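Below is one structure, written out as structure tokens; comments come after it.
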Number of protein chains: 2
Amino acid sequence: MDLFVSKYFNKIDKKGRVSLPSSFRNVLPKASRNEIILYKSIKSPSIEGCGVGRLKEIAKRINYLDFFSEDYDDFSTSIFSEIVTTNVDKEGRFLIPEELKLYAGIKTEAAFFGQGYFFQIWEPNQGLKNTEVSRKRLLEEKKSLRTILTQQQ
Amino acid sequence: MDLFVSKYFNKIDKKGRVSLPSSFRNVLPKASRNEIILYKSIKSPSIEGCGVGRLKEIAKRINYLDFFSEDYDDFSTSIFSEIVTTNVDKEGRFLIPEELKLYAGIKTEAAFFGQGYFFQIWEPNQGLKNTEVSRKRLLEEKKSLRTILTQQQ
DNA sequence: TGGGAATATATGGGCGTCAATGGGTATATG
DNA sequence: CATATACCCATTGACGCCCATATATTCCCA
């Protein structure tokens with residue numbers, strides 16, 4: 001499986017370390033399995049994360065913008081300066097920077113939610129609540145749901 | 001990671017030295033890890049910096065502009081003639097030239113903002129303010145943001 | 001197929017190394 | 001000679017690496 005799926009609830013220890021779920025680690029390319037990137041979600045009080053490969057893609061895309069334009073600066077500031085890279089130790093643990101923990105309200109436990117090409121880290125209760133809300137919203141729009149789910153690959 | 005990412009706030013000591021963040025140092029090619037270039041940002045009261053290798057890329061960008069336009073002259077003058085090279089000492093510190101510090105309003109602390117292929121140095125408060133403004137401007141143009149951020153790797 | 005062994009995962013803690021910072025002294029440069 | 005800058009050494013706190021354990025999972029063989 002090369003996608004981030006399922007959800008996990010892991011503890012944060014005294015040193016601030018938390019295990020990246022094993023199945024998530026396996027999604028990362030072997031070459032850079034000891035490094036992930038984290039950033040504040042734009043749409044919710046949660047942290048989003050993924051492998052470094054995705055970041056390089058984004059960098060390339062931004063690079064195509066007009067170097068002297070305002071857009072260029074906005075993108076590169078909002079994205080690159082907000083992104084943090086974190087090392088995953090041999091046991092599969094990493095540190096969530098204080099600022100990101102604050103943003104997501106995370107204290108002693110972190111909830112990991114697979115999102116396909118990336119994952120989200122939530123304060124457990126808020127994360128669960130969010131799943132519920134999302135699901136409800138989705139079911140209320142059965143039409144579009146059907147469209148998405150029944151398309152052939 | 002071979003990109004300048006994240007942000008760091010480092011102190012300037014009595015001698016005017018400031019640490020280049022460790023992760024930034026690692027982005028520089030090993031061959032010239034003791035040398036960086038600095039110049040005034042064209043668009044903001046901040047200092048931009050990068051490894052010497054990036055010079056060629058800047059030259060290329062300027063070269064794409066119409067040779068006979070005013071822009072060409074303006075850019076090439078205001079960038080190239082303003083570039084200074086600075087040595088990074090064994091502890092990873094360097095000196096910010098007085099003129100550049102004045103330009104950015106930097107006194108006792110410098111804020112380093114990763115920008116992918118280069119980085120910016122700001123007076124901490126101004127830098128934070130700028131991040132906010134950039135982010136807001138970006139969120140108002142969700143369309144282009146989506147294009148850049150959500151494509152799959 | 002059931003049960004026990006081997007392995008993997010999540011978690012805890014000790015300790016050495018590195019990064020950021022401060023300061024003394026040598027050296028260079030005008 | 002005077003000032004600026006590079007090199008050396010020291011300190012502190014954070015982080016990475018190693019080792020350990022308990023639980024969960026997988027594997028294998030009888």
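In what follows, chains carry the letters A, B, and so on, assigned in the order in which the sequence lines appear, proteins first and then strands, with residues in each chain numbered from 1. Quick caveat: nothing in here was measured; it's all calculated off a predicted structure.
- Where DNA chain C meets chain A (any atom under 4.0 Å from a heavy atom), the bounding nucleotides read 5' to 3' are C:dT9 to C:dC15.
- In this structure, B:Ile37 and B:Cys50 have side chains that are in contact, with non-hydrogen atoms separated by less than 4.5 Å.
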Task: Candidate pair A:Glu82 and B:Thr131, rule side chain to side chain donor-acceptor pair (under 3.5 Å), full reasoning - done: CA-CA 9 Å; A:Glu82 292 293 330; B:Thr131 318; 4.9 Å; no

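- Listed in residue order, the members of residues 2-39 of chain B having a heavy atom less than 4.0 Å from DNA chain D are B:Lys15, B:Arg17.
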For residues 87-98 of chain B, please give each side-chain donor-acceptor pair under 3.5 Å, one per line with the distance, not counting sequence neighbours.
from: B:Asp89; atom 1: OD1; to: B:Glu91; atom 2: N; distance (Å): 2.8
from: B:Asp89; atom 1: OD1; to: B:Gly92; atom 2: N; distance (Å): 3.0
from: B:Asp89; atom 1: OD1; to: B:Arg93; atom 2: N; distance (Å): 2.9

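- DNA chain D is contacted by B:Glu91, B:Arg93, B:Leu95 of residues 91-104 of chain B, taking any non-hydrogen atom closer than 4.0 Å.
- With hydrogens and angles disregarded, no donor-acceptor distance shorter than 3.5 Å links the side chain of A:Asn10 to the backbone of A:Val18.
- For B:Lys43, the side-chain hydrogen bond (donor to acceptor under 3.5 Å, both in side chains) partners are A:Asp73, not counting sequence neighbours.
- Residues A:Phe118 and A:Val52 are members of separate hydrophobic clusters, defined by side-chain heavy-atom contacts under 4.5 angstrom among Ile, Leu, Val, Met, Phe, Trp and Tyr.
- By the side-chain hydrogen bond (donor to acceptor under 3.5 Å, both in side chains) test, B:Glu132 is found to be paired with no residue, residues two or more places apart in sequence or in another chain being considered.
- Rounded to 10 degrees, the angle separating the terminal axes of the helix from C:dT1-D:dA30 to C:dG30-D:dC1 is 50°, with each axis obtained from five end pairs.
- Checked against side-chain hydrogen bond (donor to acceptor under 3.5 Å, both in side chains), A:Asp13 has the following partners two or more places apart in sequence or in another chain: A:Arg17.
- From the 5' end on, the contacts that DNA chain D makes with chain A at under 4.0 Å to a non-hydrogen atom open and close at D:dC15 to D:dC19.
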Only pairs under 3.5 Å count here: list side-chain donor-acceptor contacts from residues 102-110 of chain A, not counting sequence neighbours, and write none if there are none.
from: A:Tyr103; atom 1: OH; to: A:Ser41; atom 2: O; distance (Å): 2.8
from: A:Tyr103; atom 1: OH; to: A:Ser44; atom 2: O; distance (Å): 3.3

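- Residues meeting the side-chain hydrogen bond (donor to acceptor under 3.5 Å, both in side chains) test with A:Lys101, sequence neighbours left out: none.
- When all heavy atoms of A:Phe80 and B:Gly114 are compared, the closest pair comes out as CB-O, 3.3 Å.
- Using a distance-only test at 3.5 Å, with no hydrogens or angles considered, a donor-acceptor pair links the side chain of A:Glu123 to the main chain of A:Gln126.
- A heavy-atom distance below 4.0 Å to DNA chain D is reached by none of the residues of residues 108-128 of chain B.
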Task: Steps toward salt bridge (charged side-chain N to carboxylate O under 4.0 Å, His left out) verdict (B:Lys40, B:Glu99) - done: CA-CA 9 Å; B:Lys40 295 176 192 171; B:Glu99 188 187 342; 3.0 Å; yes

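- Ring pair B:Phe24/B:Phe119 is tilted by interplanar angle, where 30° to 60° counts as tilted.
- Side-chain N or O atoms of A:Arg25 include one that pairs as donor or acceptor with a backbone N or O of A:Leu20 at under 3.5 Å.
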- [ ] Before giving the answer on side chain to side chain donor-acceptor pair (under 3.5 Å), spell out for A:Tyr8 and A:Ser23 the whole-Å C-alpha distance, their side-chain angles and the decisive distance to 0.1 Å.
- [x] CA-CA 10 Å; A:Tyr8 303 88; A:Ser23 83; 2.9 Å; yes

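- Nearest heavy atom pair, residue A:Ile47 against residue A:Leu100, reads CD1-O, 3.5 Å.
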